[in-house]
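Before any comments, here is the structure.
Start at 1 and go down the list; that is how both ligands and their atoms are numbered.
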Amino acid sequence: MAFQSLCVLGLGYIGLPTASSFATHGLRVHGVDVNEKIVSTLRAGESHLREPGLRTLVQAAFHSGNLTVDQRPTEADAFIIAVPTPLLAGQRADLSYVDAAAESIVPHLRPGNLVILESTCPPRTTVDRLAPILARSGLQPGADFRLAYSPERVLPGHILREMIDNARVIGGIDRASAEAGRDLYAVFVRGDILLTDATTAEMVKLMENTYRDVNIALANEFAGLAEAFGVDVWQAIELANRHPRVQILRPGPGVGGHCIGIDPWFLVEAAPEMTPLIKQARLVNDGRPAHVVEVLRGQLGGQLAGRRLAALGLAYKSDVDDLRQSPAIAIVQALVEAGAEVTTYEPMAAAGRVEGATPAENLDQALRGADALVLLVDHKPFLDLDPAHAASLLSGRQVFDMRGALDRPAWRQAGFELTILGVGRDGG
Ligand code: SAJ
């Protein structure tokens, strides 16, 4: 199948680069976002998201004359739905954005069209939920139009490269739908394009992120054990990973972002009695911010009230500007609640704020006069921080490395007492 025009619904971290890539590859692309502010920002030639290379790509897409943006969809050869699927209270998937996007397509759907869902969804969403909504057009999925599920799999911070190079799974409601999906993505995807059915593709996506969540939970549990047994977990992991069939991930202050901390719940919600391990991993990772707060409390003489803490990083992981479900934010909130005087600094998202904490405009401002430095996110500028310079600004000499990322000898040399996540009293 050949495609001339495309409508992309949702212009977030996935929809915007996807729409822009198709536009720079010659398709006429109509990008849709219900948020007026996002549409006007894009029309002004700016990107509302910070992701390496994205601004340049979006500008190239507009310059090509192939990209338009609006709050409403239009007719097109193909539609891609890339809207969020957040969690509701009670850890249930919120599919209202998917429903609304599908409903907005209905009046524009024509025979021969292709509809692709990219949003992460519980198993069977494409077949049991999306197909019936689209059938309200009077057209039958499969017989009159093609319908497929194709999960995005890109890593924030590396989206542009991974969107092109990663293998892409396309699950059709029938073979012709999967093949139509392949023909569309082959426009810019260089990785393998693997065809399957829609529900398998949904499961694949959930399995990938659940696999990562469970493995991070394991690393976090090891970190706790190392703290209890006087072991340096970072050294232990490095040694264990020399085994040819072991690859332990990194412990940390928790799992944030819009994907890994959410998607496993879609499986738990769908089959609670069949997912004790998946649920437990979620609980382990969600318990990490509280653990970090206890580590700080313990090292600061059992008392957080009145302590002046410089909290470095609010994003959910290094070198991204995304603050969604960030464990760093949960930790700062808890420290503020415990009475600590917290100054935060987030170089990737200047607008990042936590109620009750003081946002600093730069690193020096964050450090000046603080009793302790608390590294919550391993952003590059923090790893490049010169300990001697930090010593000239901080009042106290305590450093909490909650990512196991700092250069220990350099910080100790500058006179700091280090507390490293996952390192017991005798370790490190
Ligand atoms: N984290 C750890 N230890 C690790 C790895 C990560 O504590 O060893 C933490 C991070 O600090 C962060 C969270 O986990 O808070 C998630 O970070 P991540 O880099 O593992 O993943 P995401 O959420 O940025 O992107 C994931 C990716 N999925 C997999 O690697 C299986 C990406 O490929 C998906 O496209 C993305 O979810 C998504 O959109 O679903």
Side-chain angles (χ1 to χ4, degrees), residues 10 12-18 49 51-52 82-87 93 117-121 149-169 191 201-224 233-234 237-238 240-241 246-267 281-282 284-289 291-292 313-331 348 375-379 382 401-405 421-422:
Y13 282 98
I14 303 305
L16 183 59
T18 302
L49 304 168
E51 171 68 28
V83 296
T85 47
L87 263 193
L117 177 60
E118 281 208 26
S119 315
T120 307
C121 287
Y149 180 80
S150 181
E152 61 82 9
R153 310 165 99 188
V154 291
L155 194 67
H158 303 268
I159 290 180
L160 267 45
R161 181 177 53 75
E162 291 210 350
M163 213 168 62
I164 294 167
D165 291 340
N166 285 3
R168 183 167 272 274
V169 175
E202 290 165 348
M203 274 290 288
V204 166
K205 170 70 193 187
L206 295 171
M207 284 162 53
E208 290 165 0
N209 279 356
T210 301
Y211 168 87
R212 197 155 170 84
D213 196 42
V214 170
N215 279 284
I216 295 170
L218 185 62
N220 282 331
E221 212 157 88
F222 288 152
V233 80
W234 303 96
I237 289 175
E238 203 180 311
N241 284 351
V246 173
Q247 194 54 50
I248 300 167
L249 293 178
R250 294 175 68 84
V255 167
H258 188 60
C259 309
I260 297 200
I262 291 178
D263 302 352
W265 287 118
F266 293 1
L267 291 173
R282 277 284 64 249
V284 167
N285 287 335
D286 279 353
R288 297 300 287 168
H291 176 70
V292 168
L314 292 176
Y316 82 95
K317 68 173 187 177
S318 62
D319 305 321
V320 300
D321 69 340
D322 198 338
L323 306 178
R324 290 178 294 180
Q325 272 80 38
S326 173
I329 291 182
I331 291 164
M348 299 293 289
L375 181 81
L376 296 175
V377 185
D378 43 344
H379 288 314
F382 299 154
D401 178 2
M402 298 296 107
R403 293 279 180 176
L421 190 92

Atoms of ligand 1 less than 4.0 Å from [X] heavy atoms?
{"X": "Val154", "result": "32 (C), 33 (O), 34 (C), 35 (O), 36 (C)"}
{"X": "Pro156", "result": "24 (O), 25 (O)"}
{"X": "Glu208", "result": "31 (C)"}
{"X": "Gly254", "result": "15 (O)"}
{"X": "Cys259", "result": "23 (O), 36 (C), 37 (O), 38 (C), 39 (O), 40 (O)"}
{"X": "Arg403", "result": "11 (O)"}
{"X": "Ile216", "result": "1 (N), 2 (C), 3 (N), 4 (C), 5 (C), 6 (C), 7 (O), 14 (O)"}

Salt bridge flag under 4.0 Å for residues Lys205 and Glu152: yes
Thinking salt bridges, do Glu162 and Arg153 make one under a 4.0 Å N-O criterion? no
Got the closest protein heavy atom to [atom], with its distance?
{"atom": "atom 28 (N) of ligand 1", "value": "Asn209 OD1, 2.8 Å"}
{"atom": "atom 8 (O) of ligand 1", "value": "Arg250 N, 2.9 Å"}
{"atom": "atom 19 (O) of ligand 1", "value": "Lys317 NZ, 2.9 Å"}
{"atom": "atom 21 (O) of ligand 1", "value": "Ile260 CD1, 3.5 Å"}
{"atom": "atom 40 (O) of ligand 1", "value": "Lys205 NZ, 2.5 Å"}
{"atom": "atom 39 (O) of ligand 1", "value": "Glu152 OE2, 2.4 Å"}
{"atom": "atom 18 (P) of ligand 1", "value": "Arg212 NE, 3.7 Å"}
{"atom": "atom 12 (C) of ligand 1", "value": "Tyr316 O, 3.4 Å"}

Interatomic distance, CD1@Ile260 vs NZ@Lys317, rounded to 0.5 Å, equals 7.5 Å
Of Gly257, Gly256, Gly252, the one whose closest heavy atom lies nearest atom 16 (C) of ligand 1 is Gly256
Between Glu162, Met207, Arg153, Met163, flag the one that comes closest to atom 33 (O) of ligand 1 by a heavy atom. Arg153
